[in-house]
Each structure stands twice: as structure tokens, then as C-alpha cells.
S.K.: 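Structure provided below as C-alpha cells; questions to follow.
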Amino acid sequence: MKTHCQRLALICTIYKVRDTKEYLQESSAPVIILTMLDYKFIKENLEAVKQNIAERYMQADADRVVSLYDERNTLLRELEEQRKNRNENALSMKGKLDPETRAAKIEEGKQLKEKIAALEARLAEVEAQLHAEGMRIPNMAHPDAPRGKEDKDNLEIKRVGAPTVFSFEPKDHVQLGQELDLIDFDTATRVSGTKFYYLKNEAVLLEMALVRFALEKLRSKGFTLFETPDIARTEILEGIGFNPRGAESNVYTIEGEDTCLIGTAEITLGGYHSGSILEKSTLPLKLAGVSHCFRREAGAAGQFSKGLYRVHQFTKVEMFVYTLPEDSDAMHEQLRLIEEEIFSDMGIPFRVVDTCTGDLGAPAYRKWDLEAWMPGRNNGEWGEVTSTSNCTDFQARRLNVKFKDDDGKNKYVHMLNGTAIACSRAIIAIMENFQQADGSIRIPDVLVPFCGFSEIRRKG
RNA sequence: GGAGAGAUGACCGAGCGGCCGAAGGUGCGCGAUUGGAAGUCGCGUGUACUCCUAAAGGGUACCGAGGGUUCAAAUCCCUCUCUCUCCGCCA
């Protein structure tokens with residue numbers, strides 16, 4: 001395993017940044033929307049940015065961003081010059097003047113006013129285009145992240161436990177849920193629509209137990225616990241990197257409100273410190289939040305949509321961390337290790353996957369997924385249960401979250417997120433891996449104290 | 001949902017259309033005084049972008065947001081948002 005410094009040096013080489021210090025201070029991640037620094041990074045590292053876009057199979061025009069950026073700067077300089085003239089002119093007539101001089105100055109002021117208005121209009125146009133193009137540029141990817149297009153190219157880096165072996169024909173969680181009266185999809189479809197579900201009986205307590213187990217674990221590791229709102233403002237969604245609008249958006253928007261149902265507590269936890277300057281000594285800030293998650297999953301029909309795997313609403317315990325830039329790689333590993341610990345503790349077999357560049361979301365610099373063994377999924381398959389991303393300063397720039405460094409300058413923090421427990425998927429893994437020959441389900445030992453029972457059997 | 005009040009720097013709080021990036025106070029930092037502390041006194045203390053090789057020093061913008069009036073707006077006008085108080089409703 002490379003040390004952080006070695007990695008940084010490598011990054012700096014790749015991106016042709018002059019030295020590690022500058023990389024850390026100015027632009028450990030590339031894209032911003034509202035401040036010039038990002039554009040500056042894109043301009044100064046154009047080739048690397050373009051290569052990154054290509055490796056992520058995304059549509060973005062870095063060349064156009066640079067030319068718009070240059071145009072914007074030229075206009076801005078001209079505008080500032082004219083404003084300076086205006087201010088000087090106005091200042092020069094605050095005292096007594098003879099009428100003719102005053103009239104002349106007022107005339108000059110009127111002309112300046114028109115010039116400025118014209119420049120402002122052009123600048124606004126260029127900035128709007130720049131913003132629109134800049135928005136499309138994704139975060140840089142970690143040098144070690146596997147290059148590839150789709151999930152097939154993800155790299156398995158670890159396996160814990162082996163796929164469960166049964167002495168009988170295992171059922172899937174849909175069948176188990178029906179036979180044991182734990183999950184009701186049919187009624188939910190009638191009442192709420194497809195991809196909704198009722199949890200019933202022990203499943204309700206199992207979900208609560210999963211939440212309690214995760215919260216207890218995170219509290220012991222220094223996380224501050226939250227139960228967050230399930231709704232957030234659009235601007236926060238966008239800051240985190242979600243696109244609330246558009247046909248392929250996965251987000252439910254609230255009519256007439258400029259707010260959305262959250263798809264993850266990453267949004268509300270990341271928004272928690274938006275617009276603030278954090279005390280350096282308080283970093284890293286580790287938050288854990290329980291929330292409901294709402295996802296439209298439009299167009300995700302088909303055989304994989306059956307059951308709890310892909311649903312419109314579920315409960316999740318999420319980890320979110322604000323760190324110093326130089327600590328984010330190490331923190332990312334810590335988050336992954338916590339996820340591994342949670343699933344190891346429960347005794348669920350899983351593997352860890354290093355997500356390839358083409359499969360990373362735009363904000364992510366690197367992402368690891370935990371995939372649990374799901375015996376009922378296509379006769380046994382790995383299914384994603386958690387995910388942890390290091391988004392470096394991509395989100396921090398958009399949400400304007402900084403810390404005051406020792407040199408007195410305010411710098412962007414790095415933000416990371418990770419799933420502790422996504423209840424619906426954890427329940428699949430438990431039901432399917434812990435089913436027994438007689439059709440009952442054993443509860444993982446670590447959950448028994450939170451559940452209050454150790455087995456789920458057929459009723460009556 | 002009804003009625004009223006308000007939004008200024010880390011915080012409190014002034015502010016006449018030009019001398020306001022913004023008085024005063026608190027807090028914070030540095031220094032002096034003290035055996036030490038309190039107290040007192042002095043100095044300093046926003047953000048972003050930009051010019052300059054760098055430093056020093058300039059410039060532009062920001063007084064909830066957006067628009068308007070004006071040669072000139074924290075200050076005048078309009079719209080919106082948010083906050084607070086009271087009433088109603090309510091898990």
C-alpha cells in the first residue's frame with residue numbers, strides 16, 4: 001500500500017501540478033462551479049481533465065470551459081476598469097462644483113453607466129454558459145481507481161466469508177417474506193404503487209435492530225448521531241452532486257416547493273455545514289445519520305426489480321465525514337473498514353469492489369462498494385449493500401465548506417460518505433443467508449440483543 | 001392559515017443618497033502595565049475575485065436575495081425569501 005504522500009506525489013505528476021503543497025492548497029479536486037479556482041485548475045491541467053472525462057465516459061467539453069473562462073476574465077477585467085471609472089467620477093462630484101463642470105461630469109457618468117450595463121449583460125451571458133459547461137465536468141479520479149467503462153470492470157479487492165452453502169434448496173427473500181408474513185408487496189402496490197412494501201411483524205423489529213446496531217457501532221467510533229430531515233432544498237441536492245431535474249433523475253421533487261425528497265442522508269449531512277468555516281481543530285467531523293431514502297428508479301423495471309433490492313423508499317444509516325484534505329484518503333479507508341466490520345460482525349459473506357472510473361458518480365474521486373452474497377438473487381449472486389466515496393473537495397466547493405488553516409487562509413475541506421446499513425438490502429442478505437431447512441430464519445448473534453428474538457418462524 | 005415586527009461584519013448594534021467595508025460595543029489576537037491574575041491602556045482583527053515575478057501595495061464586488069430609480073444606493077422604490085412574536089390548527 002502506498003503512503004499518502006507517495007500517492008499525492010503521483011497525482012501531482014499526473015496533473016502536472018508544480019508541487020505537493022500547491023496541490024493540497026489549491027486544487028486537490030478539480031471542479032467547481034462558482035469560483036474561479038476550479039476553472040483555473042481546469043485550464044492549467046486541461047489534458048488531465050480531458051483524459052479524466054474520457055476515462056469516466058462522460059459528456060463534457062473542457063476546451064469550451066477554458067475558452068469561456070478566458071472570455072469571462074477579459075470581460076470582467078474590462079468591467080472592473082469601467083466601474084473604477086464610475087466610482088472615481090461619482091466621488092469627484094461630492095463637493096461643491098460650478099454648474100458646468102458638474103453637468104459635464106454627470107454626462108460622463110451617464111455614458112459610463114451605459115457602458116457598464118452593456119458589459120454586465122455580456123458577462124452574465126458568458127458566465128451562464130461557463131457555469132452550464134463547468135457543471136458537467138466530473139471530479140478527478142483517484143490514480144489507483146481501476147479504469148473501465150461499466151460495473152464489469154470493477155475490481156474485486158477482497159472477499160470475507162464464502163458464498164453460503166445450503167443442504168437444501170434456498171428460497172429468495174420474497175418467498176421467505178411471504179411465508180413468514182414479514183413483507184407485503186402486493187398490498188403496498190395497491191396502496192402506494194410498485195416498488196413499495198410493508199414490513200410486518202419481526203421484520204419491523206429487525207429493521208429497528210439493524211439501525212440500533214449501526215448507530216451503536218458508529219457512536220463507539222466517535223460519530224455524532226443524527227436523525228435528519230427526509231426533505232432538502234434543491235440547492236443542497238445540487239451541491240452534493242445530484243441532479244433533481246430531468247427525465248432520468250432519480251429524485252422526487254416536491255411540487256411548488258423547490259425542495260426534494262432525499263435519496264440519502266448524504267444530502268442532509270453534507271448540507272449540515274454548508275456555507276460555514278469549520279474550526280481546524282474540530283476536524284475530522286464524523287456524522288452518522290438515520291433517514292428514509294426515496295428514489296424514483298424510473299426505467300429500472302425488469303427481473304432485478306423484484307423484491308426489496310430496488311425500491312422507492314428505504315431506511316438507511318449513513319456515515320458522513322468532513323476532513324482535512326491530506327487526511328481524506330486515510331479516512332476513506334476507515335469508512336470502508338467500518339462497513340466491513342459491520343457485515344463481518346453479522347456474519348454475512350461479502351466482497352469489496354474498487355469501482356472503475358466509468359462507474360463512479362461525478363462527485364466521487366474514489367468509491368468502494370461492499371457486495372453481500374444474496375443466495376436468492378439469480379440463484380446466488382453478489383449484490384451491493386454499501387458504498388463509500390471520497391468526494392474530495394468537489395462537494396465542499398459547491399456547498400462552500402471550508403476550514404481556516406494555520407496560515408490563516410480558508411481552504412475547502414474534503415467530504416466523504418459511506419453506508420453503514422441500508423436496511424432493505426441488509427434484510428435481503430440476512431433473510432437469504434440465514435434461512436434454515438425448516439423455513440425459519442436465524443437472527444445474526446450481534447442483532448439478537450437489539451431484536452429481542454433469535455429466530456423467525458412460521459406463524460400459527 | 002390570520003396579524004404584526006425584523007434581516008448590517010464572529011456576535012450585539014449605529015447608519016444623513018456621495019467622506020461607509022461600514023460608528024460604537026463585545027469577543028478574539030498581539031503588546032504594555034502586574035510577583036501573577038483581574039482590570040486598564042495601545043495596536044490589530046471579514047470574504048471572494050483580480051493586478052503585481054514575489055512581498056509591499058492597488059482594483060472590483062459583497063450591509064437577506066433579485067430587480068428598479070440615480071452621475072452616485074447599506075441608505076429611495078418594487079418583488080421575493082427567511083427569521084421572530086401573537087392567534088388558530090395539530091403528532
Side-chain angles (χ1 to χ4, degrees), chain A residues 18-19 21-22 25-27 30-44 65-66 68-128 130-131 134 227 229-239 253-260 271-282 292 393 396-413:
Chain A
R18 263 163 279 161
D19 58 49
K21 195 173 156 211
E22 180 179 334
Q25 285 180 344
E26 298 209 351
S27 31
V31 181
I32 293 180
I33 305 314
L34 297 174
T35 66
M36 297 196 54
L37 209 74
D38 311 294
Y39 297 128
K40 197 189 272 177
F41 179 89
I42 294 168
K43 183 175 176 174
E44 290 174 357
V65 169
V66 171
L68 283 167
Y69 173 62
D70 287 339
E71 190 180 348
R72 183 202 99 122
N73 285 351
T74 308
L75 277 171
L76 191 62
R77 232 169 292 136
E78 173 66 9
L79 178 62
E80 288 189 353
E81 183 65 28
Q82 295 306 325
R83 279 176 175 160
K84 182 185 175 188
N85 292 341
R86 176 196 63 191
N87 291 348
E88 281 173 355
N89 179 257
L91 205 64
S92 72
M93 63 179 118
K94 65 178 180 181
K96 278 182 186 172
L97 291 173
D98 63 83
E100 278 166 39
T101 315
R102 178 167 292 273
K105 281 185 181 295
I106 286 178
E107 185 51 39
E108 191 190 337
K110 282 185 178 175
Q111 282 175 17
L112 283 169
K113 188 179 166 182
E114 277 174 29
K115 256 193 214 172
I116 287 169
L119 281 168
E120 280 174 345
R122 275 176 61 202
L123 180 64
E125 214 174 285
V126 171
E127 283 196 322
L130 177 59
H131 180 263
E227 183 163 321
D230 288 338
I231 287 178
R233 295 180 190 281
T234 302
E235 66 199 64
I236 302 291
L237 273 280
E238 285 172 345
T253 55
I254 312 276
E255 191 176 349
E257 287 278 316
D258 203 32
T259 53
C260 307
Y272 194 81
H273 289 290
S274 61
S276 51
I277 297 169
L278 303 171
E279 206 51 61
K280 185 177 180 181
S281 62
T282 66
H292 295 109
D393 59 0
R397 285 175 193 282
R398 298 185 177 207
L399 292 171
N400 196 23
V401 185
K402 301 184 175 184
F403 69 98
K404 194 174 279 295
D405 207 350
D406 299 331
D407 60 9
K409 295 213 167 92
N410 295 332
K411 297 168 189 173
Y412 291 108
V413 300

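Below, chains carry the letters A, B, ... as their sequence lines are ordered, and counting in each starts from 1. The analysis underlying the following values was restricted to heavy atoms, covering all of them including side chains, and did not include hydrogens, waters or symmetry mates.
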S.K.: Who does G29(B) pair with, Watson-Crick or G-U, both distances under 3.5 Å?
M.R.: C43(B)

S.K.: Between Leu76(A) (CG) and U50(B) (P), how many Å, whole number?
M.R.: 9 Å

S.K.: Respond yes when some side-chain nitrogen or oxygen of Lys105(A) is under 4.0 Å from OP1 or OP2 of C71(B), and no when none is.
M.R.: no

S.K.: At under 4.0 Å, does any side-chain N or O of Asn85(A) touch on OP1 or OP2 of U60(B)?
M.R.: no

S.K.: Only pairs with both distances under 3.5 Å count, Watson-Crick or wobble alike; so what is the partner of G1(B) in this structure?
M.R.: C87(B)

S.K.: Give the rounded distance in Å between these two atoms: CG of Asn87(A) and P of C19(B).
M.R.: 10 Å

S.K.: Is Lys402(A) near enough to U47(B) that one of its side-chain N or O atoms lies under 4.0 angstrom from OP1 or OP2?
M.R.: no

S.K.: Taking atom P of C71(B) as reference, at what distance in whole Å does atom CD1 of Ile106(A) sit?
M.R.: 7 Å

S.K.: Say you draw a straight line from CD of Glu125(A) to CG of Leu130(A); how long is it, rounded to the nearest 0.5 Å?
M.R.: 13.0 Å

S.K.: Using atom CG of Leu79(A) as one end and atom P of A61(B) as the other, report the distance to the nearest whole Å.
M.R.: 9 Å

S.K.: Can you check whether Asn410(A) has a side-chain N or O nearer than 4.0 Å to OP1 or OP2 of U47(B)?
M.R.: yes

S.K.: Scan nucleotides 89-91 of chain B against the protein and return all N/O pairs shorter than 3.5 Å with their distances rounded to 0.1 Å.
M.R.:
none

S.K.: When you measure from the side chain of Thr282(A) to the backbone of Leu278(A), do you find a donor-acceptor pair of N or O atoms at a distance under 3.5 Å?
M.R.: no

S.K.: Identify the nucleotide, in any strand shown, that forms a Watson-Crick or G-U wobble pair with G35(B), with both distances under 3.5 Å; if there is none, say none.
M.R.: none

S.K.: Take atom CG of Leu123(A) and atom C1' of U60(B), then tell me their distance rounded to the nearest Å.
M.R.: 12 Å

S.K.: In whole Å, what is the span from the CZ atom of Arg233(A) to the C1' atom of C82(B)?
M.R.: 8 Å

S.K.: Across nucleotides 72-77 of chain B, 5' to 3', mark each nucleotide with B, S or - according to how protein heavy atoms within less than 4.0 Å reach it.
M.R.: S-----

S.K.: Does the ring of Tyr412(A) carry Lys402(A) above it, NZ/CZ under 6.0 angstrom from centre and within 45° of its axis?
M.R.: yes

S.K.: With a 3.5 Å limit on both atom pairs, tell me what C76(B) is paired to, counting Watson-Crick and G-U wobble, or say none.
M.R.: G68(B)

S.K.: Determine which nucleotide pairs with G24(B), using a 3.5 Å limit on both distances of a Watson-Crick or G-U wobble pair.
M.R.: C12(B)

S.K.: Calculate the interatomic distance between Leu119(A) atom CG and U60(B) atom P; express it in whole Å.
M.R.: 15 Å

S.K.: Using atom NZ of Lys84(A) as one end and atom P of A61(B) as the other, report the distance to the nearest whole Å.
M.R.: 12 Å

S.K.: Applying the Watson-Crick and G-U wobble criteria at under 3.5 Å, what pairs with A7(B)? Answer none if nothing qualifies.
M.R.: U81(B)

